[in-house]
Structure formats: C-alpha cells, structure tokens
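Down below is the structure, laid out as structure tokens.
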Number of protein chains: 2
Amino acid sequence: MDVARGATQLLSSQNVGDLVDSVEAFLFDCDGVIWKGDALIDGVPQTLDMLRSKGKKLVFVTNNSTKSRRQYAKKFHSLGISVNEDEIFCSSFAAAMFLKVNNFPREKKVYVIGEEGILEELELAGFTGLGGPEDGKKTVQLKPNCLFEHEKTVGAVVVGLDQYINYYKLQYGTLCIRENPGCLFIATNRDAVGHMTDLQEWPGAGCMVDAICGSTQKEPIVVGKPSPFLMDFLVQKLAF
Amino acid sequence: MDVARGATQLLSSQNVGDLVDSVEAFLFDCDGVIWKGDALIDGVPQTLDMLRSKGKKLVFVTNNSTKSRRQYAKKFHSLGISVNEDEIFCSSFAAAMFLKVNNFPREKKVYVIGEEGILEELELAGFTGLGGPEDGKKTVQLKPNCLFEHEKTVGAVVVGLDQYINYYKLQYGTLCIRENPGCLFIATNRDAVGHMTDLQEWPGAGCMVDAICGSTQKEPIVVGKPSPFLMDFLVQKLAF
C-alpha cells in the first residue's frame, strides 16, 4: 500500500490527477490544513468530498492533544464536515495506543501534564490517568518541611499541550520520572507553537515537554508527528 | 590573582592549610553548601569565621534567582551569619549586571518569567521590568478572535525559577522573543532541580528556561553558573 507522506513536488493541474489515482489513503494535518483555530479553511469540504467520491481512505492526523477522537469528531461536525472517529488520529490517542501496543501494565497509573483529551483516550484504552485539568488549580509553597507526595504506582508521564501548566504539575511529573523506577516519559509531540486560536500562534506541547526535559534531564518518547510510532501504527491500521 | 574554582584534589588535614594560604578569595555556593532549604549546614559559621579571621575575601554565589542580594543578606542574617550585600552574587543580580555591562537601552523593557528577586535587581540597576509575580494570576482562554497583546518595547526576556509559572507568562515571553526584533533571551541558570525546601528537590530554572527554548526554538544567554559571564564578572570585581 502507498501512503502519501507529503508532496515531493508541487501539485499542478497536470499532476494532481496522477497523485490522486496513485494512492489509496490520504493523511491530513488539521491545524492550518483543515482549520485555523475554529475557522474552516477554504476549499476543504470540496476536496474531502472529491476524495471520498473516489473511494479514498482519509485520516485526519493532529498533534494537538487537548481533545480526544470523540471531541475532534464533534469539532469536525460543528464545521459541517462529516468525519468518523475512526478516521481521526490525534496525539492524545497516540499516547494511549503507544501504551497499549507496548503492554503497559494496567495496574500502573499514568500522570498527565495536558488536557482532557489525553485522560479520555487513556480511559478508553483501559488505563488509569491522574493529573490533567484537575491539577491545574493546585499550588505549592516552597517552605521548610514541605514534602511533595507523589504516587509510586505511576509508571508513565504523558506530556502534551497544557494551557493550565503550573509548578505543581511540573513537580509531580518530574518526581515520577526521576524517582519511580522505569517510569516512561511520553511526549504527545514537540511542536514549538500551534494555531490554538485563529489569529495567533501560541506555545505548543514542545514548551511543556521541554520543561520536563529541563527538570529531568531526560528525553521523551514522542508518539505524535513526526515519530516512527505514529507512521508505523497508521500504516498497519490502513493496511488492506 | 588566584580564585579557588573548586578543589582538583580531596582536601585533607595535610593540604587544607596550603589551600587556604594560597588563595585570596573563596566563592561559596549557597544551596546545599551554606544551607539546605532554610536549615544551616553544620560547620558553616566556624568555617566562614576562620576564613574571615585570615583576611580572605568571601563571595556567596547562588543560581537561585528568586531573591535579590538584599533578600539574601536578610536570609544569611536570619541564619545567624553576617554577610554584606556586596558579598552576594545571585543570578537575579547576574541578569541585571549582564544587561548593564552590555549597555541594554534604558528605554527598553525587560519581561520577567521568574520571581521578585529579578525585578528588584533590574530596578536597582535602572531597568524597567514587567511580568514576574504580577502575571502569576493571569489566565488566557484559547478562543476564536483571541489576540494576546504584548509590549513591543520589550528588548529582553529574563527567565529564572518561577513557582508561579503559567501559560500566560510562557506566551508573553515567547511572543517577545519571536516577534520583537533583537529581543534577548536571558536565562539566570539552567539548573534542573534545586533544594527549594530542606526535604526534597524541586524543578529549577532549567525547567522554565527549557520551556521557552521549546516554544521559541532558541537558546538562551546564561548568566549564572557555570557561565563565562559570571566568572569574568566576579574576577573583575575581586581584582586587587
């Protein structure tokens, strides 16, 4: 099976037909390709309709981990595009699939520096997530005799875009990675910035991931674009 | 002039006298050397008294940027040690001195991801600081038509340890570095962790600095240990 991994030459009216005929599945980025913030990009519905009419498989791949596949399907629908959850591959789902494929023990927990999407995908895959939005309001005070407790059963820390990042979460994730033997450090992606609104770029998951690299002196396993995990997983999923 | 830059051999009762006789100034780290959290380390007052009685110059160097020299002098006094502000070299002061030595324009502003110490040292050096603790309570909502405004007059972003780190500050600093022409990115230090309390290690400035590296894809100018700036500045200051 061929998967279009991005054009190696500019598309023109002469060669676009050849491209469409020669591949069976198209992977689309979402942010800046399908939409910018909450605004649909011109020409998208027509392009998708054309590809569907030719029987092509479509996969929508986004590094944004704030939503789950279910939440992304809802966003597509709100923009007037009909997309099935199975056609969506967001990095929150990628994190859960990485753990599943690698037989992460069900009795261990996963600490999340990130948003709701990661927790939802973890739960759907049968894992127990901690942290996330709930820890966004927690604070710490660096005073004598202050001991920060963390769960020793945490076997993985998943870090994604987190607009409620705080020192509490950074310390929690850092302690798990530094002190829990074998604890995995998983990054949904390392994008520097993203179009979180339609007008401006904002710090992406790369910001939170690098913060944890800074405090742990460790490098993460990246599960979103452009990781080999994501491409291997998709190719398997799309295999005929 | 000789400055003791750390022992190249283990000190023993045989050679400690030679070391003390052979150098004129001693640089001490604070965190883990003078104190742990707010607890004084055994033997410190006696050692300092002995060195002072021999007429040695003492300099207390700390990468912790949360306090100013004035605030550190107060901490020394609260632990029963008499230290002059001029003997203290904290990385908050280093950041201000870096700007001064490099003739940073007075009309430009400095955005601070960090705590009170940096703002106080900037002000003492005649610079205008923005951000810091004041921005610790600010939030953002990533919604359509959301445009984050930042001051175009910011010519430097100083990043240090910040227990009130949030997405607002990360976006502010990121925008200044990415969009204000020539804006400097200054790190007080890149320590992964520090003894912010006496019982445990906590994420250090390296965590916040790397977060900004992640969102800007730029490397900072480091002014604290182990930067050449700090050693050159101290050697000049201590020169007879």
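These figures come from a predicted structure and were not determined experimentally. All values below were derived from every heavy atom in this structure, side-chain atoms included, with hydrogens, water molecules and symmetry-related copies excluded. The chains referred to below are lettered A, B, ... by the order of the sequence lines, with proteins before strands, and numbering in each begins at 1.
Proximity of a side-chain donor or acceptor of A:T197 to a complementary backbone N or O of B:C146 within less than 3.5 Å is detected.
Of the listed residues (B:K36, B:R190, B:R178), the greatest number of heavy-atom pairs within a distance under 4.5 Å of chain A belongs to B:R178. Chain A forms more heavy-atom pairs under 4.5 Å with one residue of B:I212, B:D38, B:L175, B:L147 than with any other, namely B:L147. Between chain A and the options B:G204, B:C213, B:G214, B:P203, the largest number of non-hydrogen pairs under 4.5 Å is found for B:P203.
For A:M196, the parts sitting under 4.5 Å from any heavy atom of chain B are the backbone and the side chain alike. For B:Q217, the part sitting under 4.5 Å from any heavy atom of chain A is the side chain, from C-beta outward, and nothing else.
Around atom CD of B:E179, more than 12 heavy atoms belonging to other residues, nucleotides or ligands sit under 6.0 Å away. Atom NZ of A:K143 sits in a sparse spot, with 12 or fewer heavy atoms from other residues, nucleotides or ligands closer than 6.0 Å. Open room surrounds NZ on B:K74; 12 or fewer heavy atoms of other groups in view lie less than 6.0 Å from it.
In this structure, A:E201 and B:F148 have side chains that are not in contact, with every pair of non-hydrogen atoms separated by 4.5 Å or more. Between B:W202 and A:V140, the closest side-chain pair of non-hydrogen atoms falls below 4.5 Å. Side-chain contact between A:Y167 and B:M208 is present, with at least one heavy-atom pair separated by less than 4.5 Å.
The CD atom of A:E115 sits 7.5 Å away from atom CG of B:L142, with the distance rounded to the nearest 0.5 Å. Atom CG of A:L170 and atom CD1 of B:I165 lie 7.5 Å apart (nearest 0.5 Å).
For A:V193 against B:S215, the heavy-atom pair with the smallest separation is CG1-O, 3.7 Å. Among all heavy-atom pairs drawn from A:Q163 and B:Q141, the shortest one is OE1-CA, 4.3 Å.
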